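The figures that follow rest on heavy atoms only: side chains count, while hydrogens, waters and symmetry mates do not. We name chains A, B, ... by the order of the sequence lines, and we start the count at 1 in each one. Nothing here was measured: the structure is a model prediction, and the numbers come from that model.
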Number of protein chains: 2
Amino acid sequence: MSTAAATPRGVPDASVARLPGYLRALTALAAEGIGLVSSEELAAASGVSSAMLRKDLSHLGSYGVRGVGYDVERLASEIAAALGLTQDWPVAIVGMGNLGRALAAYRGFAERGFRVIALLDHDERVVGDEVAGCPVLPMEDLPTLVAEQGLAIGVIATPPEGAQAACDRLVAAGVRSVLNFAAVVLAVPEHVTVRNVDLSTELQILAFHGQRSAVAEAVAP
Amino acid sequence: MSTAAATPRGVPDASVARLPGYLRALTALAAEGIGLVSSEELAAASGVSSAMLRKDLSHLGSYGVRGVGYDVERLASEIAAALGLTQDWPVAIVGMGNLGRALAAYRGFAERGFRVIALLDHDERVVGDEVAGCPVLPMEDLPTLVAEQGLAIGVIATPPEGAQAACDRLVAAGVRSVLNFAAVVLAVPEHVTVRNVDLSTELQILAFHGQRSAVAEAVAP
DNA sequence: ACGACTTTGTGAAGGGAGGCACAAAGTCGC
DNA sequence: GCGACTTTGTGCCTCCCTTCACAAAGTCGT
């Protein structure tokens, strides 16, 4: 289960991947004081088609009113509930290099309810440093963090060489969700979900499209 | 054209998205001195099925030898060519907050042939600072960078409020590929490709799966 | 030189996702 | 209270992606 997980019955993975976008748009609307929104408007704000939006939402239930639209706050809390954001999800970041430090300082986590409860590093020369106001802990602390603070999500920001080892320790400690920034394919047991974010991959995909459009332009200028 | 672009004839988008992974695996194999690899082995190293790998590669051409496998170096350069990595792709990073600085210091870009040629920021108090050995330039320099240095890819690492403005300036200067780290949907003309990377979205998807498996466990302990 | 073996490349089948279009359902004006 | 109007929820259709399975093709041993 690396990228696409089978969702036996319920919400298709493709839908789940779009829900955060809807939630984001709804939060922005609520901030503007808008209380009601149509599928057309919300879809435009989320960058999808209105038909797709309605189908996605229909998987969660019927929270709209025909002829009117959706109540912004109600829909936001329904989506949040579907995503499991009513409980909190303690996060630990492993690897205090450039990326790890930037992630530790990033405010976006807290804003969306993800509490970073620990920063860790394998290198004992880094352990004890203070990053973004938190002490860097050794990997040995992982089991305690899971047991006592309910650590649920691990973010891997190590160099590629150390990523599998870091992942193994997270999994051994009981973490079942991993966000991996290292450019490697992680091997994990069945019950662990991994999502990969790789900058080089994204750039290479952009390069492909850039090249394509350049070719298309040369053919038909 | 925000995430999925129609590829008239040629390589399907889903395949393109996996090519960087194959390239990464091949590079690692080459570094180990391995010169020949079967679809089964390469697929395992890339985290996909062998059938999918073969089909993906078949879109590029027939570079394997039946009964033997693929020549690692040959295949790597064919994939690199397909992705357009034979030419270089100058990159500019816009937004010198935490994330922007981390990206500027990240070595992964250069390793895969993406040259960061400029760091920019809209805030004149930041312009002139030195980050990772490069001076931070004002947004006004964008047209020159495109014209004189062939700037092709823009990375947006600004806060959400400034992302659309930053994108507009990139597009106005002639950039046609954008990697967006801000949590907003960017509006761009038809010919511009945008790829989004959002940490909160990824965490929320992980939360969904985490919640799901927790529920499944409660039902069947 | 030939047969057994290995592995690729691909035709066909199966499944899922997105888009279309419309019926259902509710609101608003009169 | 009723008809016109708006917008949701969904059945259906299409297309693309993934997987299966096998024929084609090349190697290696004898």
Exam field: side chain R115(B) to backbone P90(B), donor-acceptor pair closer than 3.5 Å: no

Donor-acceptor under 3.5 Å (R107(B) side chain, A105(B) main chain): yes

Partner of V194(B) by side chain to side chain contact (heavy atoms under 4.5 Å, CB included), out of V178(B), V185(B), L179(B): V178(B)

When the distance from [atom1] of [X] to [atom2] of [N] is rounded to whole Å, what number comes out?
X      : N       : atom1 : atom2 : result
E40(B) : dC20(D) : CD    : P     : 12 Å
L75(A) : dT8(D)  : CG    : P     : 11 Å
L53(B) : dC20(D) : CG    : P     : 15 Å
L36(B) : dT27(D) : CG    : C1'   : 12 Å

Any S39(B) side-chain N or O less than 4.0 Å from OP1/OP2 of dT7(C): no

Per-nucleotide protein contact string for nucleotides 9-19 of chain D, where B marks a base within reach and S marks sugar-phosphate only (heavy atoms under 4.0 Å, - for neither): BBBB----SBB

Crowding at CD, E73(B) (>12 non-hydrogen neighbours, <6.0 Å): no

Interatomic spacing from CG in D71(B) to OH in Y63(B) - rounded to 0.5 Å: 13.0 Å

Residue pair I205(A) / A17(B): nearest heavy atoms and the distance that separates them: CD1-CA, 3.8 Å

